[in-house]
There are 2 protein chains.
Amino acid sequence: MTLPTVGGPRPAGLVDVARLARVSPSTASRAIRGGAVSPDRRERVLRAAAELAYVPLPAAVRLSSGRGRTVGIVVPTAARWFFVEVVAAAARTLREAGYDLLVFEGGDHGPGRLPVAGELRSKVDAVVLVASAGCGDGLAVLHDLGIPAVVVGGPSAGADRVGVDDEDGAATAVRHLLLLGHRDIAMIAGQPGPGFHRGATDARRAGFSRALEEAGIPAAPDRIVSRPWGVAGGAAAMEQLLSGDRLPTAVFAESDEMAFGALRVLRRAGLDVPRDLSVIGFDDHEMAEAFDLTTVAQSVAEQGEAAAGLLLERLARGGHAAPTAGVTLPTRLVVRGSVRPPRAGH
Amino acid sequence: MTLPTVGGPRPAGLVDVARLARVSPSTASRAIRGGAVSPDRRERVLRAAAELAYVPLPAAVRLSSGRGRTVGIVVPTAARWFFVEVVAAAARTLREAGYDLLVFEGGDHGPGRLPVAGELRSKVDAVVLVASAGCGDGLAVLHDLGIPAVVVGGPSAGADRVGVDDEDGAATAVRHLLLLGHRDIAMIAGQPGPGFHRGATDARRAGFSRALEEAGIPAAPDRIVSRPWGVAGGAAAMEQLLSGDRLPTAVFAESDEMAFGALRVLRRAGLDVPRDLSVIGFDDHEMAEAFDLTTVAQSVAEQGEAAAGLLLERLARGGHAAPTAGVTLPTRLVVRGSVRPPRAGH
DNA sequence: CTGAAAGCGCTAACAA
DNA sequence: TTGTTAGCGCTTTCAG
């Protein structure tokens with residue numbers, strides 16, 4: 001049974017290349033992969049391969065060598081900004097190294113064992129786990145399976161982690177508000193859906209509280225409003241804040257997406273940002289500029305690249321423990337137009 | 001050489017299952033794939049497979065059968081809303097059928113031959129081509145290779161296409177404005193980047209012009225402002241419109257993303273939407289609601305599903321011509337707050 | 001309906 | 001450095 005090549009002639013295989021170059025298949029194989037081969041034979045093989053438009057069949061390579069040039073990435077959901085950026089960046093880095101990326105969308109499985117472990121083992125050489133509830137377990141399962149893995153934005157597993165310091169980033173946002181003179185600052189927090197890692201949300205809350213404490217401002221529990229993560233949740237949280245007897249002068253939204261929801265509610269309510277209220281977000285989402293939102297940026301693309309890079313390095317070492325430590329990328333404040341000092345009246 | 005399974009015991013293979021079930025490997029294979037096997041033996045095989053947590057190795061299946069349960073999707077860029085949604089929807093549909101999706105990001109290759117054709121042939125059983133400049137050629141190349149393929153949002157190749165009627169959708173948007181009394185309507189058009197299909201932008205322009213003609217409104221060439229596709233382009237186009245001597249009463253943006261850019265510029269300029277100017281978009285981007293943007297919605301997810309479904313059907317037929325015709329999905333007007341009748345003064 | 005045998009295209013031992 | 005010889009795990013003829 002051949003590949004479903006109805007149209008053209010059967011694609012050239014390594015034997016065809018070898019025959020045309022008048023060498024043995026193994027020499028052809030070595031030449032193509034850059035092994036030890038005499039210059040003239042290598043030359044002949046490469047020429048023959050080019051002429052026949054030879055493309056190695058990954059399935060055959062994988063079957064015989066055990067390595068398939070494919071890495072998997074497990075995400076709770078595939079269509080959300082953060083995950084999209086991580087996946088795209090990782091895919092580009094991997095592709096440059098000749099690897100394919102297979103995306104596994106987690107669905108809303110609980111925090112149990114990595115649901116796709118069996119599949120992963122049979123399909124990929126290494127895996128990236130992105131901010132899902134099961135990252136911790138997942139890392140362990142994969143380790144037992146002998147599959148190199150790294151976590152992006154998940155639990156701080158140390159050497160196998162890539163991410164930013166969420167607590168520090170949140171504190172940065174709040175300090176910016178403080179510096180401008182705000183004293184009554186509320187936080188819009190997110191409730192991660194099932195399957196999502198909750199470490200980031202916890203850390204951002206902690207950063208918020210810490211920055212206030214440092215400034216000697218007592219924590220007011222009703223100043224943290226928590227709603228389901230996302231634009232709608234941000235809107236709901238803002239409505240809650242609006243319904244209170246006294247508006248804060250500034251709001252820190254855990255994520256830009258929640259800030260977007262808050263901004264919409266404020267506009268509808270006839271309030272002007274930043275005149276009546278300042279809003280700051282976290283992430284630097286692709287739409288943050290369109291909303292003119294001041295925010296704390298994290299480079300998501302760099303996280304994807306770093307994760308892919310770590311894996312590539314480990315794969316090059318034969319899958320064995322990499323000497324590289326985990327990567328913590330910096331965040332930085334991006335000032336736009338949604339924040340200004342509180343009005344004198346306050 | 002075995003798979004890099006350092007940790008646990010070597011994963012069970014078909015022979016292990018066969019041995020435990022006390023049948024031959026071929027019988028085990030048939031039983032697992034639902035072939036003709038006596039009930040009791042099938043039972044035994046299935047039980048054994050479950051017990052051993054047997055997972056077939058895709059590379060081996062592909063190598064021996066020629067079919068690999070993988071489809072490829074080629075996109076000009078992977079991180080933009082439209083493509084993300086198509087890919088995610090296609091991936092889900094395929095996954096339910098046991099197929100994997102491999103994403104090929106086109107980069108900014110010219111409109112030439114499908115650049116990844118050789119790779120596709122060796123890696124996938126079928127392919128989805130999404131709105132790239134090379135869709136037309138690509139379809140031909142793949143056809144010659146004997147690989148089933150469908151186009152999403154690309155040239156209207158008829159039977160192999162999934163998409164919406166862009167011209168009609170644009171006309172719908174403009175008629176909505178017309179019905180409300182607008183007579184001076186401008187269009188913000190996009191210039192597709194290299195590698196992108198330009199059919200959609202052309203069709204939307206045509207729909208804009210047609211709707212105006214139908215209403216007996218003479219075409220004013222300076223009322224179509226074209227800028228690079230995207231938020232920034234939309235902003236630039238709006239600035240251009242603002243710099244003219246007389247503002248239109250309404251603007252139709254070719255895509256929601258361009259509308260977002262226009263909205264930001266308008267707000268910065270101190271103009272109120274919809275009081276001073278109405279804005280309508282096209283797409284129903286995930287952020288359209290947050291911008292309170294009236295728009296013409298297209299279901300991108302359905303397009304991804306439809307494409308995957310068409311391919312699955314064809315694959316089930318052994319890759320041969322499907323009797324199914326192409327799919328044209330409907331668009332629908334989504335009314336939000338960015339449009340209202342023109343002010344009396346105009 | 002079942003089993004034995006022969007590969008799929010490639011890599012990796014081994015011996016030369 | 002090179003060629004020869006065995007498979008990798010599975011499907012698929014082909015006899016029985």
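Throughout, protein chains are lettered first and strands after them, A, B, ... in sequence-line order, and every chain is numbered starting at 1.
Listed pair A:Arg42 / D:dT2 fails the phosphate criterion, with no side-chain N or O lying under 4.0 Å from OP1 or OP2. When the side-chain nitrogen and oxygen atoms of A:Ser29 are compared with OP1 and OP2 of C:dT11, one or more of them lie within a distance under 4.0 Å. B:Arg67 has no side-chain polar atom (N or O) that falls below the 4.0 Å cut-off from OP1 or OP2 of C:dC8. The side chain of A:Arg33 places an N or O atom within less than 4.0 Å of a non-bridging phosphate oxygen (OP1 or OP2) of C:dA12.
When rounded to the nearest whole Å, the span between CZ of B:Arg22 and P of C:dC1 equals 21 Å. Across the protein-nucleic acid pair, A:Leu14 atom CG and C:dC8 atom P stand 13 Å apart, rounded to whole Å. If you take CZ of B:Arg62 and C1' of C:dC10, they are 15 Å apart, rounded to a whole angstrom. For B:Arg19 and C:dG3, the CZ to P distance is 15 Å, given to the nearest whole Å. If you take CZ of B:Arg69 and C1' of D:dC10, they are 15 Å apart, rounded to a whole angstrom. Rounded to whole Å, the distance from CG on B:Leu63 to C1' on C:dC8 is 4 Å. The nearest whole Å value for the distance from the CZ atom in B:Arg10 to the C1' atom in D:dC8 is 11 Å. Rounded to an integer number of Å, the gap from CG of B:Leu52 to P of D:dG9 is 14 Å.
With C:dT2, D:dG3, C:dG9 as the candidates, the nucleotide lying closest to the side chain of A:Ser24 is D:dG3. Each of C:dC10, C:dA12, D:dG3 was ranked by its minimum atom distance to the side chain of A:Thr27; first place goes to D:dG3. If you check D:dC14, D:dT11, D:dT2 against the side chain of B:Arg30, the one that comes closest is D:dC14.
Comment: B:Asp160 engages B:Arg314 in a salt bridge, judged by a side-chain N to carboxylate O separation of less than 4.0 angstrom. Ion pair A:Arg80/A:Glu85 not flagged as a salt bridge, since none of the NZ, NE, NH1 or NH2 atoms sits closer than 4.0 Å to an Asp/Glu carboxylate oxygen. No salt bridge links B:Lys123 with B:Asp100; every basic N to acidic carboxylate O contact stays at or beyond 4.0 Å. Salt-bridge formation is not detected for the pair A:Arg69/A:Asp125: no Lys NZ or Arg NE/NH1/NH2 atom is positioned less than 4.0 Å from an Asp or Glu carboxylate oxygen. Taking 4.0 Å as the cut-off between side-chain N and carboxylate O, A:Glu43 and A:Arg47 count as a salt-bridged pair.
Projected onto DNA chain C by closest heavy-atom contact, A:Val15 and B:Asp40 fall at different nucleotides, the more 5' of which corresponds to B:Asp40.
Of the N and O atoms on the side chains of B:Ser29 and B:Arg33, at least one donor lies less than 3.5 Å from an acceptor on the other residue.
Within 4.0 Å (heavy atoms only), A:Ser26 reaches at least one base atom of the nucleic acid.
Note that the two end axes of the helix from C:dC1-D:dG16 to C:dA16-D:dT1 enclose an angle of 30°, each drawn from 5 base pairs, rounded to 10 degrees.
With B:Arg161 contributing its side chain and B:Val151 its backbone, the two residues share no donor-acceptor pair below 3.5 Å.
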